[in-house]
2 protein chains.
Amino acid sequence: MPSPNGHGPVMADVARLAGVSHQTVSRVLNGHPNVRDATRERVRAAIEELGYRRNSSARALVTRRTNVLGVIAVDTTLYGPASTLFGLEQAARAAGYFVSIVSLKSGDTVSLAPAIGYLAEQSIEGLVLITPKRVTAESLAALPETLPVVAVEGGQAPDIPVVCVDQFTGAVTATRHLLDLGHRTVWHVSGPAGWLEAEGRIQGWRSALRAAGAAAPDPVPGDWTPRSGYAAGLRLARDPEVTAVFVANDQMALGVLRAFSEAGVRVPDDVSVVGFDDIPEAEFFTPPLTTVWQDFTQVGERSIEVLLEQIDGAAGRGGDPARVVVPTRLAVRASTARAARSRRDQGGTRQ
Amino acid sequence: MPSPNGHGPVMADVARLAGVSHQTVSRVLNGHPNVRDATRERVRAAIEELGYRRNSSARALVTRRTNVLGVIAVDTTLYGPASTLFGLEQAARAAGYFVSIVSLKSGDTVSLAPAIGYLAEQSIEGLVLITPKRVTAESLAALPETLPVVAVEGGQAPDIPVVCVDQFTGAVTATRHLLDLGHRTVWHVSGPAGWLEAEGRIQGWRSALRAAGAAAPDPVPGDWTPRSGYAAGLRLARDPEVTAVFVANDQMALGVLRAFSEAGVRVPDDVSVVGFDDIPEAEFFTPPLTTVWQDFTQVGERSIEVLLEQIDGAAGRGGDPARVVVPTRLAVRASTARAARSRRDQGGTRQ
DNA sequence: GGCTACATTGTTAGCGCTAACATCTCTCCC
DNA sequence: GGGAGAGATGTTAGCGCTAACAATGTAGCC
């Protein structure tokens, strides 16, 4: 009877079986060097025989380290957040941390306070916010002052480190690609107000147009869903001036393509379309979508790096918060083409 | 100086400030009834003032409850697993549990043993497997005998409870929908071998064909990606006998649509296509895709239910494992239509 | 008034582990 | 051969909390 308490073996049980003290077992478990090989082997064998697993709570209690990172993520069914979370978890695990997740539905205003309070109960060592929209100020007040934090796609507050994709340059590249193809200007279907990614893409788009001396039409607002892209597409299809559209994400671009197709607007002959995200489906849209690729894996990895720096530095926050910007890449496919002088020059009705 | 140790306040600090014993603080925190209202208020105020948070490790150590569930998930960037995970987390949080996740890349053979070992270190109270492929036997051997487990889309082993979508009936419904439209038979683009979902859909498809007395062509194998669907689509486009295709997921269906479009095969005029999953994009494919909708939210909720039953019942495994089957629904859109007598009857070349 | 019953609070003893210190056992070298 | 020094192991004292029990106070009732 190795475990007299009925709760699975504890360190003392292993110690007894191996004929050593529990502290020696602890040393073996923690890779302490000063243990004789023969002893180490005996302890290992005893651990194996009993199927012993160390009690993480007891360990955390005394070391004050839980090895748990918290993640608060909005809308993890979307490709972007899901990919970021995936990369994040891989990187965290590689660094020896567990990831405890709270996923929130994308309400219009996001209050993180309940989620933060919830996670704080779990003694997390650091927190990642995958909440790419502006959050309420009271959310940030709920952050314990000493808790290491990193915001992904954030910029929520000046004193929180941020890891983000270079939305601005990505949008500039997309817009310039269209201008370089001879389009007089570029329309934009934007993401919803309050999303930082949406704002960055608008700014990049505007900036590229301004640099080229092109007029910036009003952006057509969307909400990331294919449906909103469809609605935007129907509007743009009616305007014969439109020859190039930069859409703030691939899902909406799909809706735009669908609307154009229904309206008899040919892509890329009549109108060129560029998306953002490079979801796996984009290459197989009709036509295959030119879009901006984001390195979500790297975002995840860098986020963990930034967080671990704070944890290991034991510095908490304060000082100059890091700001890591991950570059994008334009994937050129068949949805963009050289501009005709105007849509009417193309002639030909559909099918 | 409320916290003399430099590590944030502990229960004793709260007790001192409120003028009670630490045990009374504990009682307030745990909602014990026998505390005078005035005392409770004083304790609450002291907690508030100090910003006290209970140490979860200490609590877990003595209660032997961590309130943490582990999740091992494969390929969480796919819509299905991501949605399941999302529903799961919501349900777990509602039940007062944290969710600690390990996400694995979809290798060809999946060994869960390292992930299980990893999570076991964290003293989880239960484990959810979102690993919709057959896993190695050694994986299951790595499961601690007393750990409550539920498999989502699993059926990995006879003694593990399972919550799954009714793949079979979903596939039957999709296939019969096509047969009812007058198609002589239905081709199938399948998911990769080893995935239980893929197998369930093949079986449902075969069964529906058999029931209708239709011949079952060899399934065209895919791997869930749009690219593989595209390849399958090119093959099917060459065969003029093909008038109806049931594709095992929407992403591959997208590839099929793309291939058909390139090959001049019109959907639904020449060929009808049905997908599986009902991803948000499906409605905006060209043409909008008829597909099988799955209730991932319910899958998540039911999984947590099954798991909590085991935890609360303290029964561990054994006995008749639960098997919960969540129904599907066919979303009929524009990619399916009544069969012509043969593809040649349709006439008309493209564009 | 005194005794019972119960509500309220305090005291004590661990949960299983690690850190710090104490102890013991070897070498090694003059 | 004996003392220094290092390596290997054991002993002790908590980490912060909850459970069990003990000790109060407080009505209620004959």
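What you see is a predicted model; the values in this text were computed from it and never measured. Lettering of chains follows the sequences in order, A, B, ..., and the numbering in each one begins at 1.
The distance from the CG atom of A:Leu119 to the CD1 atom of A:Ile124 is 4.5 Å, given to the nearest 0.5 Å. Considering CD1 of A:Ile116 and CG of A:Leu147, their distance stands at 8.5 Å, rounded to 0.5 Å. The line from CD of B:Gln310 to CD of B:Glu125 is 12.5 Å long, rounded to the nearest 0.5 Å.
As rounded to whole Å, 14 Å separates atom C1' of C:dC17 from atom CG of A:Asn67. For the pair B:Leu29 CG and D:dA19 C1', the computed distance is 15 Å after rounding to whole Å. With rounding to whole Å, B:Arg36 atom CZ is found 9 Å from D:dT26 atom C1'. With rounding to whole Å, B:Arg16 atom CZ is found 14 Å from C:dG10 atom P. Taking atom CG of B:Asn55 as the reference point, atom C1' of D:dG14 lies 14 Å away to the nearest angstrom. If you take CG of A:Asn30 and P of C:dA19, they are 7 Å apart, rounded to a whole angstrom. Nucleotide C:dG16 holds its C1' atom 11 Å from the CG atom of A:Asp13, rounded to whole Å. Counting to the nearest Å, the P atom of D:dT11 and the CE atom of A:Met11 are 16 Å from each other.
Of the candidate nucleotides D:dG16, D:dT18, D:dT11, D:dT11 has the atom lying nearest to any side-chain atom of A:Gln23. The nucleotide whose nearest atom lies closest to any side-chain atom of B:Val35 is, among D:dT9, C:dG16, C:dT9, C:dT9. Taking the side chain of B:Val20 as heavy atoms from C-beta on, and the options C:dG10, D:dC17, C:dG16, the nearest nucleotide is C:dG10. When distances are taken from the side chain of B:Thr24 to each of C:dT9, C:dT18, D:dC17, the shortest belongs to C:dT9. Of the candidate nucleotides D:dT18, D:dG16, D:dA8, D:dT18 has the atom lying nearest to any side-chain atom of B:Arg59. Proximity note for A:Asn34 (side chain, C-beta onward) versus C:dT9, D:dG7, D:dG10: the nearest is D:dG7. Minimum atom distance to the side chain of B:Ser21 is reached by C:dT11, of the listed C:dT11, C:dA20, C:dC17.
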### Task
Start with the C-alpha distance between A:Arg44 and A:Glu48, add both sets of side-chain angles, then the distance that settles salt bridge (charged side-chain N to carboxylate O under 4.0 Å, His left out), and finish with yes or no.
CA-CA 6 Å; A:Arg44 288 240 170 87; A:Glu48 179 79 16; over 6 Å; no
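OP1 or OP2 of C:dG16 sits under 4.0 Å from a side-chain N or O of B:Arg64.
The 5' end of DNA chain C is approached more closely, in terms of each residue's nearest nucleotide, by B:Thr39 than by the other of B:Ala58 and B:Thr39. Both B:His22 and A:Arg53 lie near DNA chain C, and the one whose nearest nucleotide falls closer to the 5' end is B:His22.
Side-chain atoms of A:Asn55 come within 3.5 Å of backbone atoms of A:Ser57 as a donor-acceptor pair (strictly under, hydrogens ignored).
Base contact: A:Arg27 has a heavy atom under 4.0 Å from a base atom.
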